[in-house]
There are 2 protein chains.
Amino acid sequence: MTKRTHRDPTASDPLDRGAGLTAWRQIADRIEADIAGGLFKPGEKLPGEMQFAQRFGVNRHTVRRALGTLAARGLVRATQGGGTFVEFKPLPYTIGRKTRFSELMAKAGREARGELIGSAETVAAADIAEALGIETGSPVLELVTLHRADEVPISMARTWLPLPRFAGIDATYRQTGSLTRAFARHEISDYSRLSTRISARIANAEEAAHLELSRGRVLLVIDSINVNQHGHRIQATRSLFSADRVDLVIDQ
Amino acid sequence: MTKRTHRDPTASDPLDRGAGLTAWRQIADRIEADIAGGLFKPGEKLPGEMQFAQRFGVNRHTVRRALGTLAARGLVRATQGGGTFVEFKPLPYTIGRKTRFSELMAKAGREARGELIGSAETVAAADIAEALGIETGSPVLELVTLHRADEVPISMARTWLPLPRFAGIDATYRQTGSLTRAFARHEISDYSRLSTRISARIANAEEAAHLELSRGRVLLVIDSINVNQHGHRIQATRSLFSADRVDLVIDQ
DNA sequence: AGGTATTTGTGCGTATGTATT
DNA sequence: TAATACATACGCACAAATACC
């Protein structure tokens with residue numbers, strides 16, 4: 001392959017036509033190699049599709065197909081009118097008994113912020129009731145939150161808390177931007193994880209919008225139950241992480 | 001909606017045309033409700049597309065679109081010439097320090113079997129070498145295995161073992177169908193997990209074929225390192241699970 | 001604030017090579 | 001061999017979102 005150590009995005013760099021590999025696959029491989037080799041760095045804007053087309057001597061559709069596969073694998077992200085950008089490497093996210101989002105981010109040198117998207121008083125469905133150890137139909141508070149590190153959305157979560165024990169904690173969360181700090185104002189000085197269950201699926205349109213993901217990206221889904229210092233269940237949460245932005249590290 | 005308690009797959013069951021919902025979405029919802037309601041049970045073959053078309057008074061293409069969305073969500077699986085089948089509920093797969101696939105399956109009342117797809121002597125890449133605590137370029141044995149529960153593929157794994165310590169263990173694995181038993185013949189009486197890292201992505205064609213998945217399904221990817229009774233690193237593994245068939249339960 | 005250029009997204013039509021039936 | 005389906009690739013045009021001046 002042609003080594004590219006400097007950057008003239010339109011310099012002719014023809015493909016190996018007639019070989020076994022299709023044009024779009026060769027293009028995808030070369031761009032991926034340029035990313036891996038550091039020619040294009042995370043967060044950086046790639047050359048335009050027309051420039052790639054000129055460089056490789058192909059139609060723009062062919063370049064789009066190549067970039068499409070890279071986008072599907074989470075290596076790049078295209079925004080209409082803006083350009084195509086190299087994605088950042090996944091952030092290691094440690095899951096342990098005492099995982100705190102804000103502490104993890106602080107350790108990684110990134111600023112954490114939790115945002116309350118919505119809250120509602122509702123009644124516990126069967127699965128939520130079982131998780132919280134209460135009767136089905138008991139009143140619960142449901143919070144929907146979005147978590148960012150340096151303004152990049154990392155996860156969104158739906159949290160259920162028993163009522164009336166935690167009445168008003170949504171307002172506290174909105175002020176503090178952290179469940180740990182909101183708990184502190186409701187006399188929960190310490191809490192830890194009782195159980196964790198992990199699955200994965202494709203993001204739906206609403207989830208993709210909140211997490212600023214392109215369509216069809218993969219989510220890691222984490223269902224967890226937290227208990228207070230006395231072992232009583234106080235919280236059930238379903239967290240959604242972009243699998244492209246986060247690796248889960250199990251701390252056992 | 002029409003309640004269906006018996007099963008005449010062609011009995012007329014018209015849609016709510018002209019309402020806000022498209023025909024294919026209504027059909028998908030009804031079939032999903034029938035699965036959730038237990039009319040169609042896991043592993044069972046659904047009525048043919050033509051029968052659904054007759055039942056709902058639509059074209060077969062409309063039924064295909066509905067079944068396509070259910071297949072994309074992992075609820076059903078279509079096989080050409082065979083029919084469309086209801087998928088099983090996800091199997092809880094516990095990840096702990098001493099997770100053993102065969103024991104887990106035995107506990108779930110299912111028969112476990114490991115199959116050696118391939119093995120090769122190679123040299124450790126940087127990441128494998130780091131995981132095993134050896135020098136990059138050291139000789140390692142690479143095993144590719146497929147794991148089934150009651151003949152259904154649950155996971156496939158790529159395992160790296162240092163050489164010459166484990167020379168010939170591929171043959172032992174082929175005989176025993178279990179890494180635990182193969183280790184036993186190489187004087188590893190006990191081993192446990194040192195680290196676990198979880199991500200998720202879409203299956204490629206080869207992985208989908210081995211795991212008997214339709215295209216575009218989601219995989220849980222688990223990178224783990226195992227140590228022997230003395231704490232020495234003996235094994236690095238990358239396991240791929242179909243996210244539709246398995247839920248990971250973290251045992252902390 | 002507004003208009004223009006740039007860039008990605010989408011649709012259509014056409015042609016070609018390959019694999020299947 | 002013929003018919004068919006499918007993936008690949010090219011060309012043109014326009015829409016939609018963004019960036020820039």
Return the value, rounded to whole Å, for the distance between atom CD of A:Gln26 and atom P of D:dA9. 9 Å
5'-most by nearest nucleotide on DNA chain D - A:Lys45 or A:Val58: A:Val58
Within less than 4.0 Å of OP1 or OP2 of D:dC10, is there a side-chain N or O belonging to A:Thr62? yes
Between C1' on D:dC12 and CE on A:Met50, what's the gap in Å once rounded to a whole number? 12 Å
In whole angstroms, the gap separating P of D:dA15 from CD of A:Gln80 amounts to 13 Å
Between the base of C:dG9 and the side chain of A:His61, is there a donor-acceptor distance below 3.5 Å? no
Please determine whether a side-chain nitrogen or oxygen atom of A:Thr84 lies at a distance below 4.0 Å from atom OP1 or OP2 of C:dT8. yes
Distance below 4.0 Å between A:Arg60 side-chain N/O and D:dG11 OP1 or OP2: no
Main-chain N/O of B:Ala157 paired to B:Ser239 side chain as donor or acceptor, under 3.5 Å: no
Between A:Leu21 and A:Thr79, which residue's closest nucleotide on DNA chain D lies nearer the 5′ terminus? A:Leu21
Report the C-alpha separation of B:Thr159 and B:Thr237 in whole Å, then their side-chain angles, then the decisive distance to 0.1 Å, and conclude whether the side-chain hydrogen bond (donor to acceptor under 3.5 Å, both in side chains) test is met. CA-CA 4 Å; B:Thr159 299; B:Thr237 300; 3.3 Å; yes
State plainly whether the residues A:Glu212 and A:Arg77 are in salt-bridge range, i.e. N to O under 4.0 Å. no
Tell me whether A:Arg201 is salt-bridged to A:Glu207, with the criterion being a basic N under 4.0 Å from an acidic carboxylate O. yes
Look at atom CD of B:Gln175 and say whether more than 12 heavy atoms of other residues, nucleotides or ligands are closer to it than 6.0 Å. yes
Whole-Å gap separating P (D:dT18) and CG (A:Leu46): 18 Å
Per A:Trp24 side chain, nearest of listed nucleotides C:dT10, D:dA15, D:dT8: D:dT8
Output the rounded distance in Å from CD1 (A:Ile27) to C1' (D:dT8). 12 Å
Presence of A:Arg65 side-chain N/O under 4.0 Å of D:dA9 phosphate oxygens OP1/OP2: no
Nearest whole angstrom, please: distance from the P of D:dG11 to the CD of A:Gln54. 13 Å
Can you tell me if A:Asn59 touches the phosphate of D:dA9, counting only side-chain N or O atoms and a distance under 4.0 Å to OP1 or OP2? no
